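Throughout, a chain's letter reflects where its sequence line sits, starting with A, and its residues are numbered from 1. Computed from a predicted model, the values in this text were never measured in an experiment.
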Protein chains: 2
Amino acid sequence: MFSKACEYGIKAAIFIAVNSSENKRVSPKEISEEIDSPQAFTAKILQALVRHQVVKSIRGAYGGFEIEKDKIATIKLAQIVYAIDGDNIYKGCGLGLHTCNENHPCPVHDKFKVVREELREMLENTSLEQLALDIKSGVSFLKI
Amino acid sequence: MFSKACEYGIKAAIFIAVNSSENKRVSPKEISEEIDSPQAFTAKILQALVRHQVVKSIRGAYGGFEIEKDKIATIKLAQIVYAIDGDNIYKGCGLGLHTCNENHPCPVHDKFKVVREELREMLENTSLEQLALDIKSGVSFLKI
DNA sequence: TTTATTTCGGATAAATTTATCCTATTTGTA
DNA sequence: TACAAATAGGATAAATTTATCCGAAATAAA
Ligand code: FES
Ligand code: FES
């Protein structure tokens with residue numbers, strides 16, 4: 001469904017959100033340990049999230065990654081997925097036709113678009129804040 | 001969403017169904033031309049579909065691929081996806097945790113499983129026959 | 001200003017997926 | 001039986017994704 005990079009990106013963003021809500025910056029090392037991902041690869045993905053302004057990086061001593069507290073509630077999963085995997089998952093044809101087009105539909109178009117639309121809404125309506133809360137309260141988990 | 005192999009497999013199965021309903025066997029060459037896919041790779045995927053008994057192959061002169069007419073209505077997309085991509089798309093965790101587990105959910109579990117469930121139902125309830133009919137009547141398309 | 005710390009970014013490697021090529025095997029027909 | 005036509009399958013290559021490594025650049029503190 002999502003690429004590994006995207007899975008790591010989502011989990012990393014949640015972990016950063018959890019920590020930022022407690023005024024703590026985190027390093028790629030901490031992040032990759034907490035989400036069980038390869039460190040250098042995770043760092044690359046974090047760079048992408050920085051470029052797309054999902055997370056903020058502070059270089060140098062006492063630096064790390066953070067998300068401004070008042071942004072945590074506004075950042076949606078969709079932004080993260082878009083930053084890493086692009087928009088093919090929302091817009092692309094399920095059978096790989098060049099474009100998903102009502103006027104030139106593939107055989108599964110009508111049925112597929114319903115599922116894809118539901119996925120899109122889910123991603124657009126789910127904020128980092130909601131996900132971070134469940135991690136904080138121990139209801140959900142980032143690894144294993 | 002689906003792998004290229006799976007996209008080709010679905011389109012190939014639909015094309016075979018269309019032809020089998022008219023008592024025509026088709027070759028990998030015809031198939032790959034009609035669904036716009038690499039021929040040798042498509043042939044490999046067809047082998048997998050044969051092993052999973054989704055399509056039938058007849059070797060030797062006058063051979064080709066076919067689906068027994070009365071099976072066309074019973075074959076569901078789910079069988080094809082399962083044969084090629086496995087069941088991770090139905091059962092796997094959206095964030096890549098080892099197992100999707102109610103007792104150890106990832107942050108998106110509750111929301112993701114709804115979408116995944118809808119996808120599963122769609123795949124399990126959509127038959128080759130329905131899809132082949134739209135191709136026959138020119139309502140849907142296998143390429144471009 | 002020097003030093004320690006930390007992210008950035010380019011180069012490279014490993015693994016997986018996608019794609020190609022060639023030969024073996026099967027099968028119907030002459 | 002010999003031949004032609006067709007799928008099966010192994011070996012290999014190309015492309016993409018995933019992962020690692022290392023030096024450059026930035027920053028805070030001493
Ligand atoms: S054309 Fe294939 S999903 Fe719309
Ligand atoms: S645990 Fe992640 S989707 Fe169920």
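Between A:Gln47 atom CD and C:dG10 atom P the separation is 9 Å, expressed in whole Å.
For A:Lys44, whose side chain is taken as the heavy atoms from C-beta onward, the closest listed nucleotide among D:dA5, C:dT26, D:dT20 is D:dT20. Taking only side-chain atoms of A:Arg51, from C-beta outward, the nucleotide of D:dT18, C:dC8, C:dG9 with the closest atom is C:dG9. Taking the side chain of A:Ala61 as heavy atoms from C-beta on, and the options D:dA28, C:dC8, C:dT18, the nearest nucleotide is D:dA28. Distances were taken from every side-chain heavy atom of B:Pro38 (C-beta onward) to each of C:dT20, D:dC21, D:dA19; the shortest belongs to C:dT20. For B:Ser57, taking side-chain heavy atoms from C-beta onward, the closest of the listed nucleotides D:dA8, C:dT18, C:dC8 is D:dA8.
If you check distances only, the side chain of B:Arg59 does reach the base of C:dT25 with a donor-acceptor pair under 3.5 Å.
Between A:Phe112 and B:Phe2, the ring-plane angle classifies as tilted under the 30° and 60° cut-offs.
Ranked by how close their nearest DNA chain D nucleotide is to the 5' end, B:Lys29 and A:Phe2 are led by B:Lys29.
Side-chain contact check for B:Ser37 and B:Thr42: at least one donor-acceptor pair (N or O, by modelled atom type) lies under 3.5 Å. Side-chain contact of B:Lys71 with B:Ser20: a donor-acceptor pair under 3.5 Å is absent, judged by distance alone.
Residue B:Gly63 is in sugar-phosphate contact alone, with no base atom involved, counting any heavy-atom pair closer than 4.0 Å across all strands shown. Residue B:Leu46 is out of contact with every strand shown, counting any heavy-atom pair closer than 4.0 Å. Backbone-only contact: A:Tyr62 has heavy atoms under 4.0 Å from sugar-phosphate atoms and none from a base. Among the atoms of the strands shown, only primed sugar atoms or phosphate atoms (P, OP1, OP2) are found under 4.0 Å from some heavy atom of B:Val26.
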